[in-house]
Amino acid sequence: MKKVTAFSVLIIVILSNILKAEDFRYWNWTIIGTKVKDVRVSVLLDNRFKDNADDHYFRFASLKLSYPLHPNLTAGVNYSVYQLESKNFQAWKDCRRLEFELNPKYGFENGVKLSLRNRVEFRDIEDKGTSNTRSRHRLKVFIAMDTRFEALQGFSASNEFFVNYDGSQNRWNENRFQPLGLIFKLSEQCQLGIFFMQQMKRKNADWTQTPALGTSMIYKF
């Protein structure tokens, strides 16, 4: 009963946060992956909408390779291309980046899983050049759930922070907090995720917060 009450309170807090926000955003991820021997090969497509989910401002595609160095440690390399809506809203800004990852993980017997994604991104951004290296670090917890609704596998929470190495005054200038994500198993090859995220960005000493709802579809072959 206490778990149900706490879950209901969290949902109410999230909905109230969305309703009072000036700009609500929607993020959509599609991931298609397979294994070639021990190497996981996948493609990630990412589309984001702002201005109360009305303006398509970000589109992204990434080819990702990951390899298990240990049952609790994977290494990865990704190549990504993406476009940002320019400030004058008249054109798209072209960007690309090369990414390297080292990701430890651990699973407990009670169904709790912990993972830490550590990524370095070497970014080439139109009008800014190649001196835009940053790292990002995400701690995520997944808790399995046994409910009458068999498709619901469990829920997750995560926090990710970004560190810039471009010489700017603010090294830590972005944080993405996901207090709630729900994972649904639709079939043996297909998984649906629904999440709420609070995106925080810093310019000089000021932080701004923008809420977003997101969905992810993962296809494994």
Side-chain angles (χ1 to χ4, degrees), residues 3 6-18 21 24-31 33 40 42 44-50 53 58 60 62 64 66 68 71-76 78 80 82 97 99-108 110-121 134-145 147 151-164 171-185 191-202 207-220:
K3 291 183 178 180
F7 190 79
S8 301
V9 171
L10 182 58
I11 293 294
I12 292 172
V13 170
I14 288 173
L15 289 176
S16 63
N17 191 288
I18 291 173
F24 160 71
R25 300 190 176 189
Y26 170 63
W27 293 26
N28 174 257
W29 300 332
T30 302
I31 303 170
R40 169 66 63 180
S42 59
L44 166 65
L45 304 176
D46 180 358
N47 289 279
R48 304 176 192 174
F49 302 82
K50 63 180 180 179
F58 181 89
F60 177 99
S62 181
K64 307 168 73 68
S66 63
N72 297 324
L73 182 66
T74 61
N78 320 315
S80 305
Y82 57 105
R97 68 192 193 209
E99 310 165 2
F100 297 95
E101 297 185 4
L102 193 61
N103 306 324
K105 59 182 180 179
Y106 189 79
F108 299 88
N110 60 1
V112 176
K113 297 179 181 179
L114 292 176
S115 60
L116 179 61
R117 186 179 70 186
N118 300 288
R119 177 189 293 170
V120 177
E121 299 177 342
R134 72 180 182 186
S135 66
R136 48 198 290 186
H137 311 273
R138 185 193 68 190
L139 176 63
K140 183 176 182 178
V141 57
F142 170 81
I143 301 177
M145 297 178 65
T147 68
L152 180 58
Q153 301 295 291
F155 68 92
S156 65
S158 67
N159 190 75
E160 182 175 28
F161 66 92
F162 295 66
V163 181
N164 279 331
R171 280 292 182 90
W172 174 34
N173 72 338
E174 184 173 351
N175 197 83
R176 297 178 184 174
F177 176 50
Q178 291 186 24
L180 179 64
L182 300 176
I183 310 300
F184 300 87
K185 183 179 180 181
Q191 177 180 291
L192 167 67
I194 302 173
F195 62 88
F196 169 77
M197 181 180 66
Q198 191 74 30
Q199 184 182 25
M200 293 161 275
K201 288 190 173 184
R202 180 169 67 173
W207 286 90
T208 59
Q209 300 188 39
T210 307
L213 279 179
T215 56
S216 64
M217 290 292 296
I218 301 176
Y219 302 93
K220 297 181 180 180

Give me the atom names and distance for the closest heavy-atom approach of Phe196 to Pro211. CE1-CB, 3.8 Å

Test salt bridge (charged side-chain N to carboxylate O under 4.0 Å, His left out) on Glu160 and Arg117 and set out the steps. CA-CA 9 Å; Glu160 182 175 28; Arg117 186 179 70 186; 2.7 Å; yes

What is the distance from atom CE of Met197 to atom OG1 of Thr210, rounded to the nearest 0.5 Å? 9.0 Å

Fit a plane to each ring of Phe60 and Phe58, take the angle between them on a 0 to 90° scale, and name the class: parallel (under 30°), tilted (30 to 60°) or perpendicular (over 60°). parallel

Nearest heavy-atom approach of Asn110 to Val112 is OD1-N, 3.1 Å

How about Glu99 and Ser80: does a side-chain donor come under 3.5 Å of a side-chain acceptor? yes

Roughly how far apart are Phe108 CZ and Ile143 CD1, rounded to 0.5 Å? 11.0 Å

Using modelled atom types and a 3.5 Å cut-off, is there a donor and acceptor pairing between side-chain atoms of Asn159 and backbone atoms of Lys140? no

Donor-acceptor check, side chain of Arg202 to backbone of Trp172, threshold 3.5 angstrom: yes or no? yes

Starting at OG of Ser135, measure out to CZ of Arg119 and round the result to the nearest 0.5 Å. 11.0 Å

Quick check: do Lys113 and Lys105 have side-chain heavy atoms less than 4.5 Å from each other? no

Pro104 side chain near Asn118 side chain, heavy-atom distance below 4.5 Å: yes

Which atoms form the tightest heavy-atom contact between Gly193 and Ile183, and what is the distance? CA-CD1, 4.4 Å

Hey, does Asp46 have a side-chain heavy atom less than 4.5 Å from the side chain of Tyr82? no

Measuring from Thr30:OG1 to Ile218:CD1, what's the distance to the nearest 0.5 Å? 10.0 Å

Nearest 0.5 angstrom please: Arg136 CZ to Arg176 CZ, how far? 5.0 Å

Compute whether any side-chain donor of one residue and acceptor of the other, for Thr215 and Tyr26, lie under 3.5 angstrom apart. yes

For Phe155 and Leu180 the tightest heavy-atom approach is CB-CD1, 4.2 Å

Can you find a pair of side-chain heavy atoms, one from Glu101 and one from Ser66, that are under 4.5 Å apart? no

I need the minimum non-hydrogen distance between Phe177 and Pro179, along with the two atoms involved. O-CD, 3.4 Å

Determine the minimum heavy-atom distance between Pro68 and Thr74, stating which atoms define it. CA-CG2, 4.0 Å

Between CG of Asn28 and CZ of Phe49, what distance do you get to the nearest 0.5 Å? 7.0 Å

Backbone N or O of Asn164 within a donor-acceptor pair of the Arg171 side chain at under 3.5 Å? yes

Using side chain to side chain contact (heavy atoms under 4.5 Å, CB included) as the criterion, point out the one residue from Asn47, Leu44, Leu45 that pairs with Trp29. Leu44

